[in-house]
Protein chains: 2
Amino acid sequence: MVTLAEVAQHAGVSASTVSYVLSGKRSISAGTRQRVERSIQELGYHPNAGARALASSRSNIIALMVPLRTDMYVPVMMEIAIAVATTARTHGYDVLLLTGEEGPDAVRRVTGSGLADAMILMDVELDDERLPLLRQTNQPSVLIGLPADTTGLTCVDLDFTATGALCAEHLAGLGHRDIAVIGEAPAVYERHTGFAERTLDGLRVRSQELGLRVLHRPCEGGYDVMAVTLARVFDERPRTTGFVVQNESAVEPLLALLRQQGRAVPEDVSVIAVCPDQVATQASVRLTSVAIPAQEMGRRAVEHLVAKLDGRGTDEVVLLAPELTVRASTGPVPSAG
Amino acid sequence: MVTLAEVAQHAGVSASTVSYVLSGKRSISAGTRQRVERSIQELGYHPNAGARALASSRSNIIALMVPLRTDMYVPVMMEIAIAVATTARTHGYDVLLLTGEEGPDAVRRVTGSGLADAMILMDVELDDERLPLLRQTNQPSVLIGLPADTTGLTCVDLDFTATGALCAEHLAGLGHRDIAVIGEAPAVYERHTGFAERTLDGLRVRSQELGLRVLHRPCEGGYDVMAVTLARVFDERPRTTGFVVQNESAVEPLLALLRQQGRAVPEDVSVIAVCPDQVATQASVRLTSVAIPAQEMGRRAVEHLVAKLDGRGTDEVVLLAPELTVRASTGPVPSAG
DNA sequence: AGTCGCCGTCGAAGCGCTTCGACAACCTAT
DNA sequence: ATAGGTTGTCGAAGCGCTTCGACGGCGACT
């Protein structure tokens with residue numbers, strides 16, 4: 001391993017000078033800088049991360065806590081994680097991957113050991129047990145998701161309330177009167193992950209204003225479960241003409257079942273999905289959808305964190321505005337009779 | 001931040017004694033050990049990661065390089081990543097998430113800076129540009145995937161050749177004579193990621209032995225693309241009765257299209273997928289499949305790496321035996337006429 | 001010409017830990 | 001009783017870096 005001292009010797013300067021060339025924290029003459037930079041090149045020097053962390057008490061690492069469960073749409077998680085890693089690198093940070101498994105202990109461990117300078121938490125529950133810890137350490141953090149109490153926290157999330165409202169508006173605008181919401185798996189609601197409830201709230205409130213009748217059914221996804229759910233929906237509300245699907249793994253089963261029952265999309269029933277664009281465009285019917293801006297969320301989370309680490313940045317809740325893209329799965333309500 | 005020295009003072013021993021209690025590298029009397037452990041508890045001590053890394057030249061971090069692209073089945077990647085993180089923790093390691101973006105530079109950076117003690121590389125190409133670097137550093141590494149030349153490397157992967165063979169055997173055993181392989185996206189082949197080609201090789205070789213005729217078509221997934229692909233297949237080989245699908249995002253489109261064309265699965269055509277069990281059981285038809293043991297691969301990769309780090313462990317290629325599970329998508333070939 | 005201030009560089013201290021050699025204290029075998 | 005071997009603990013050195021204060025040299029003022 002090449003050390004700073006060796007670079008210094010090779011360049012004929014002192015160690016501290018090399019350090020200042022690297023960090024830019026003091027001015028260095030052009031000549032010296034170039035000599036040092038050449039030596040670094042020639043020797044293939046890479047600063048030792050441990051020594052750096054020890055001396056500067058900054059590890060240049062951001063911890064990312066991803067959920068262990070896989071009952072939520074995994075590609076979204078992955079996309080966020082990759083966006084976090086990529087964005088972090090552009091700011092000179094690396095990303096430490098923590099699974100939810102260790103729970104609050106992981107927060108203690110990482111904070112206590114100085115392993116990471118900051119944390120990003122995904123899959124935050126309404127009343128998450130990691131939040132008190134986060135508030136009491138002075139380690140910067142950003143949540144992707146929205147807990148019940150956001151005091152002293154920075155959160156980035158899609159505005160799911162507005163998402164729900166947007167779906168209601170679109171369907172109401174097309175003349176629909178009875179709509180069904182195919183929600184996330186029951187476990188997601190039991191866990192109080194918030195986003196599912198927020199979507200539903202937004203949708204219900206706006207529906208009421210617009211005179212829509214809403215039937216909500218959680219659904220685990222998969223064909224068999226979806227078949228049962230769908231049967232119940234039409235049983236209870238035979239005049240349902242609009243569907244809002246929140247659980248991506250229920251989308252394709254729903255479309256297949258509707259087709260099988262001779263209900264054409266979008267002629268007889270309209271379907272809106274809340275899902276990444278990729279899913280919407282690759283489905284068997286090109287889906288009208290509200291996108292989940294996974295990359296954007298990851299990127300924004302990192303940028304807020306970096307701002308905090310630089311002493312800029314404040315506690316703040318960032319809700320990304322939802323965008324509804326009309327594709328081929330929604331249309332005007334069929335004329336009665 | 002609580003330091004070792006403070007713990008030592010609190011417990012009335014020297015710093016080195018506390019260190020030895022922590023590492024277990026020298027024997028410590030029961031009494032002293034207990035006193036130290038109590039002090040650690042009471043003070044809430046966490047060893048500083050940077051200092052540790054500097055003094056011991058071990059960071060207790062494993063770097064995991066995941067592909068940036070998302071043209072491969074993402075949930076598999078995610079499952080591997082999570083298995084890696086979880087398994088690593090049980091061995092006292094944390095995981096650093098690197099994206100493929102930086103390419104070989106990331107390897108240099110991580111190796112050179114001592115940021116990580118070892119690396120796991122996913123999505124390895126046949127002639128991957130990171131491999132020469134890996135061979136010349138003495139940093140332990142494990143590949144998930146199989147490059148062309150494995151000398152001096154440790155690899156963990158599903159035995160895709162055997163997977164292909166297994167599919168051929170199953171279909172041949174059911175009396176099929178003409179089969180089609182719906183492969184990965186063309187980009188995957190162009191990139192020479194190996195696994196797609198290996199599956200095909202295994203399938204072709206065994207098919208020849210068994211007298212099967214094979215038609216291979218790369219396919220990007222999605223309904224429109226699949227429709228075109230399928231039409232061509234039946235155009236070229238009207239008597240095709242068996243399908244092997246390697247691209248998970250082509251599975252559901254294929255099933256839908258077959259249904260739409262009035263070809264019943266498994267009565268008229270049989271379909272085998274190479275995919276995680278979860279996909280196989282949640283599809284519109286319960287799919288006969290060869291599982292991709294993502295968790296197992298992640299776990300094994302870490303265990304090999306830890307073995308190497310402990311001075312045990314050797315360079316070795318581990319190919320996991322494929323397992324075919326018969327479900328409801330394959331059956332005997334329909335009697336002619 | 002003398003003083004002030006700035007720029008560029010250096011030396012040294014110290015970050016919190018691991019680890020090596022030293023050394024009491026004790027036990028066993030002669 | 002004494003030599004030799006354990007066992008448990010300590011002190012000190014050092015890992016490679018950052019950062020602070022110091023200082024020589026120079027140009028810009030008066």
Side-chain angles (χ1 to χ4, degrees), chain A residues 1-37 39-40 43-61 92 94 109-117 309, chain B residues 1-37 39-40 43-61 92 94 109-117 309:
Chain A
M1 278 309 76
V2 185
T3 70
L4 225 208
E6 295 175 286
V7 173
Q9 190 172 5
H10 185 272
V13 298
S14 74
S16 48
T17 301
V18 177
S19 180
Y20 286 123
V21 168
L22 251 29
S23 69
K25 294 194 178 173
R26 285 203 184 172
S27 51
I28 298 287
S29 69
T32 306
R33 169 182 287 104
Q34 282 171 21
R35 248 177 320 128
V36 170
E37 278 164 356
S39 298
I40 289 177
L43 301 179
Y45 169 69
H46 287 270
N48 179 292
R52 241 181 191 184
L54 177 57
S56 66
S57 17
R58 296 284 239 101
S59 64
N60 286 299
I61 289 181
D94 273 295
R109 190 168 62 85
V110 169
T111 304
S113 67
L115 229 188
D117 297 332
L309 286 165
Chain B
M1 275 312 75
V2 185
T3 69
L4 225 208
E6 296 175 287
V7 173
Q9 189 171 7
H10 186 272
V13 298
S14 76
S16 48
T17 300
V18 176
S19 179
Y20 286 123
V21 167
L22 250 30
S23 69
K25 294 192 179 175
R26 285 202 183 172
S27 52
I28 297 287
S29 68
T32 307
R33 167 179 290 104
Q34 283 171 19
R35 244 176 323 127
V36 170
E37 278 164 356
S39 298
I40 289 176
L43 301 178
Y45 169 69
H46 287 271
N48 179 291
R52 245 187 184 179
L54 178 57
S56 65
S57 21
R58 296 283 240 103
S59 64
N60 285 300
I61 289 181
D94 273 294
R109 190 168 61 83
V110 168
T111 303
S113 67
L115 229 188
D117 296 333
L309 286 165

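Lettering of chains follows the sequences in order, A, B, ..., and the numbering in each one begins at 1.
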Among Thr32(B), Ile28(B), Val36(B), whose side chain to side chain contact (heavy atoms under 4.5 Å, CB included) with Tyr20(B) holds? Ile28(B)
Within 6.0 angstrom of Glu6(B) CD, more than 12 heavy atoms from elsewhere: yes
So, does Ser27(B) get its side chain near the phosphate of dG8(D), meaning an N or O under 4.0 Å from OP1 or OP2? yes
Figure out the CG/C1' separation between Leu43(B) and dG16(C), and round it to whole Å. 15 Å
Between Ser59(B) (side chain) and Leu115(B) (backbone), is there a donor-acceptor pair under 3.5 Å? yes
Protein-proximity profile, nucleotides 17-22 of chain D, B/S/- by nucleotide at the 4.0 Å heavy-atom cutoff, equals BBBBBB
In degrees rounded to 10°, what angle is found between the helical axes fit to the five outermost pairs at each end of the helix from dA1(C)-dT30(D) to dT30(C)-dA1(D)? 40°
Can you tell me how far P of dG8(D) sits from CZ of Arg33(B), to the nearest Å? 9 Å
How about Val110(A) and Ile61(A): do any of their side-chain heavy atoms sit closer than 4.5 Å? no
Heavy-atom nearest pair, Ala11(A) first then Arg35(A), reads O-NH1, 2.8 Å
Between dC15(D) atom C1' and Glu6(A) atom CD, what is the distance in whole Å? 13 Å
Less than 4.5 Å apart, side chain to side chain, heavy atoms only: is that true for Asn48(A) and Thr3(A)? no
Using a heavy-atom cut-off of 4.0 Å across all strands, would you classify Leu54(A) as base, sugar-phosphate, or nothing? base
What heavy-atom pair brings Val2(B) and Gly44(B) nearest, and what distance separates the two atoms? CG2-O, 4.3 Å
Any non-hydrogen side-chain atom of Arg52(B) less than 4.5 Å from a side-chain atom of Leu22(B)? yes
